[in-house]
Amino acid sequence: MCASPPSPDMAESSSELLARIRVHGAVPRHIAIIMDGNGRWARERHMPRAFGHRSGMKAVREVVEGALEAGVEWLSLFAFSQENWQRPETEVSALMSLLEEYIAREAAELAQQGVRVYVHGDLSRLTPAAANAVRRVMEQTVTGNRLGLNLFISYGGRAELVRATRQLAADVAAGRLTADAITEDEISARLYTAGCPDPDLLIRTSGEQRLSNFLLWQVAYAELFISSLYWPDFDRHALYGAISDFQRRDRRFGRVST
Ligand code: FPP
């Protein structure tokens with residue numbers, strides 16, 4: 001696990017960092033991000049938490065553009081956990097409204113940029129308006145082939161594994177699969193992320209060093225990068241810093257170094 005800046009990368013401009021990342025070549029195919037610290041960011045400014053989430057929405061835009069420029073293929077963002085339903089009603093409805101606003105504002109541009117949006121989680125709990133917005137953005141961006149953007153909403157990693165296990169059990173009960181034929185690939189194929197490569201890099205902002213039930217199966221071999229920045233301050237420069245740090249890692253996947 002790596003502590004975040006100060007690092008030499010931070011002295012470089014975003015375009016210098018991007019140029020260096022591109023020359024180096026090994027850009028992570030899939031980056032997952034636990035966007036954390038909106039509340040603390042707002043509190044430091046004596047503002048309500050919803051103001052932090054609104055500023056966090058701008059950071060989402062910034063990071064999507066940064067990922068496109070760097071040539072990342074998949075970006076997975078943890079936008080709302082199952083546990084987040086237990087937050088005060090006002091905060092939950094502010095987050096749902098922001099999701100609708102984000103989709104209303106960005107869907108056309110995302111489609112034009114070649115981004116394909118997928119929304120994963122227990123979507124049955126969304127308000128009808130939020131559920132409609134989610135359906136709309138997935139339809140509107142269906143032809144995107146530059147970047148897959150996974151938004152995890154009402155999501156929990158353990159619940160995802162329970163869901164996959166139930167599907168496996170149903171397949172075995174129906175005779176479509178034998179117990180002996182259950183492999184890692186069969187499990188992966190029943191996760192929301194079926195078809196995506198596993199994340200190479202998992203970023204968490206705000207200095208916290210936890211997985212918080214995000215993509216538990218998929219991050220088995222991800223490199224971790226903890227940024228001390230609060231999410232609203234995380235921009236493309238910070239993203240490039242994390243990618244540059246990733247490029248210096250020696251990924252062994254349990255084997256010895258080459
Ligand atoms: C964690 O910060 C952040 C969230 C629970 C919500 C993330 C939402 C956004 C970034 C904005 C909307 C996103 C999209 C995709 C439209 P926290 O509230 O837990 O912060 P704290 O730990 O400082 O209290």
Side-chain angles (χ1 to χ4, degrees), residues 4 31-68 74-110 113 115-123 125-127 129-138 140-141 147-157 192 202-215 226-236 238-239:
S4 62
I31 298 181
I33 308 185
I34 301 175
M35 308 182 287
D36 195 11
N38 292 351
R40 280 163 282 168
W41 185 91
R43 193 174 60 212
E44 280 187 3
R45 286 157 182 79
H46 309 287
M47 297 297 281
R49 294 177 59 81
F51 180 68
H53 295 316
R54 175 165 291 281
S55 302
M57 187 169 75
K58 291 186 198 139
V60 169
R61 182 190 172 102
E62 175 75 14
V63 165
V64 167
E65 287 179 1
L68 280 165
W74 291 92
L75 182 64
S76 289
L77 302 179
F78 200 5
F80 192 87
S81 71
Q82 281 196 326
E83 295 73 26
N84 289 154
W85 288 112
Q86 288 155 37
R87 292 193 176 195
E89 156 73 32
T90 46
E91 182 165 347
V92 169
S93 67
L95 279 164
M96 288 299 131
S97 305
L98 267 185
L99 174 68
E100 289 168 45
E101 187 180 325
Y102 174 76
I103 290 171
R105 272 199 197 180
E106 306 282 331
E109 193 170 345
L110 289 168
Q113 289 168 322
V115 178
R116 179 164 183 182
V117 179
Y118 302 83
V119 184
H120 305 298
D122 179 6
L123 306 181
R125 297 186 71 178
L126 298 187
T127 59
N132 276 337
V134 160
R135 248 191 314 276
R136 208 169 52 244
V137 73
M138 290 201 284
Q140 217 175 325
T141 62
L147 175 72
L149 174 61
N150 292 320
L151 297 180
F152 289 85
I153 292 167
S154 187
Y155 170 85
Y192 293 121
L202 172 67
I203 298 173
R204 181 165 188 153
T205 58
S206 89
E208 305 291 353
Q209 302 181 13
R210 288 188 288 277
L211 289 180
S212 295
N213 204 12
F214 188 44
L215 299 179
I226 308 296
S227 168
S228 58
L229 295 174
Y230 291 143
W231 175 250
D233 290 328
F234 196 87
D235 56 9
R236 74 186 71 194
L239 179 73

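Order of listing sets the numbers, starting from 1, for every ligand and every atom in it. Remember, predicted model here, so these are calculated numbers, not experimental data.
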Ring pair (Phe, Tyr, Trp, His ring centres under 6.0 Å) partners of residues 35-59, not counting sequence neighbours, each pair once
Trp41-Phe51
Starting from the C-alpha separation in whole Å, work towards a yes-or-no answer on side-chain hydrogen bond (donor to acceptor under 3.5 Å, both in side chains) for Trp85 and Ser154.
CA-CA 8 Å; Trp85 288 112; Ser154 187; 2.9 Å; yes
Side-chain donor or acceptor of Thr205 paired with backbone N/O of Asp36 under 3.5 Å
yes
Only one of Val119, Asn213, Asp122, Leu215 passes side-chain contact (heavy atoms from CB on, under 4.5 Å) with Tyr155, and that residue is Leu215
What's the verdict on side chain to side chain contact (heavy atoms under 4.5 Å, CB included) for Asn150 and Tyr192, showing C-alpha distance, side-chain angles and the deciding distance?
CA-CA 9 Å; Asn150 292 320; Tyr192 293 121; over 6 Å; no
Go through ligand 1 atom by atom and flag the ones less than 4.0 Å from a non-hydrogen atom of Trp231.
10 (C)
Atom 11 (C) of ligand 1 - nearest protein heavy atom and its distance:
His53 O, 3.5 Å
So, 4.0 Å and heavy atoms of Phe80: is ligand 1 close enough to count as a contact?
no
Of all the non-hydrogen atoms in the protein, which one sits nearest to atom 1 (C) of ligand 1, and at what distance?
Met35 O, 3.1 Å
Around Arg45, counting heavy atoms of other residues, nucleotides and ligands shown, do more than 12 lie under 6.0 Å from its CZ?
yes
N/O to N/O below 3.5 Å, does that happen between Tyr102 and ligand 1?
no
Using distance alone, determine whether Asn84 and ligand 1 share an N or O pair under 3.5 Å.
no
Within-shell test, Arg49 vs ligand 1, heavy atom, strictly < 4.0 Å
yes
Heavy-atom nearest neighbour in the protein, as seen from atom 14 (C) of ligand 1, with distance rounded to 0.1 Å:
Val60 CG2, 4.3 Å
Begin from the C-alpha positions of Phe152 and Ser76 and carry the test side chain to side chain contact (heavy atoms under 4.5 Å, CB included) through to its verdict.
CA-CA 7 Å; Phe152 289 85; Ser76 289; 3.7 Å; yes
Quick one: does Arg87 get an N or O within less than 3.5 Å of an N or O on ligand 1?
yes
Using a strict 4.0 Å cut-off to heavy atoms of Ala79, name the atoms of ligand 1 that fall inside it.
6 (C), 7 (C), 8 (C)
Taking Leu98's backbone N and O only, do any of them form a donor-acceptor pair with Arg54's side chain (distance below 3.5 Å, no angle check)?
no
Asp36-ligand 1 polar pair, N/O distance under 3.5 Å
yes
Could you say whether the N/O atoms of Gly39 and ligand 1 ever approach to under 3.5 Å?
yes
Got a sec, which residues hit side-chain contact (heavy atoms from CB on, under 4.5 Å) with Glu65, two or more places apart in sequence or on another chain?
Arg61, Glu109, Gln113, Arg236
Give me the nearest non-hydrogen protein atom to atom 9 (C) of ligand 1 as residue plus atom name, then the distance to 0.1 Å.
Asn38 ND2, 3.7 Å
Which atoms from ligand 1 have a heavy atom of Arg40 less than 4.0 Å away?
21 (P), 22 (O), 23 (O)
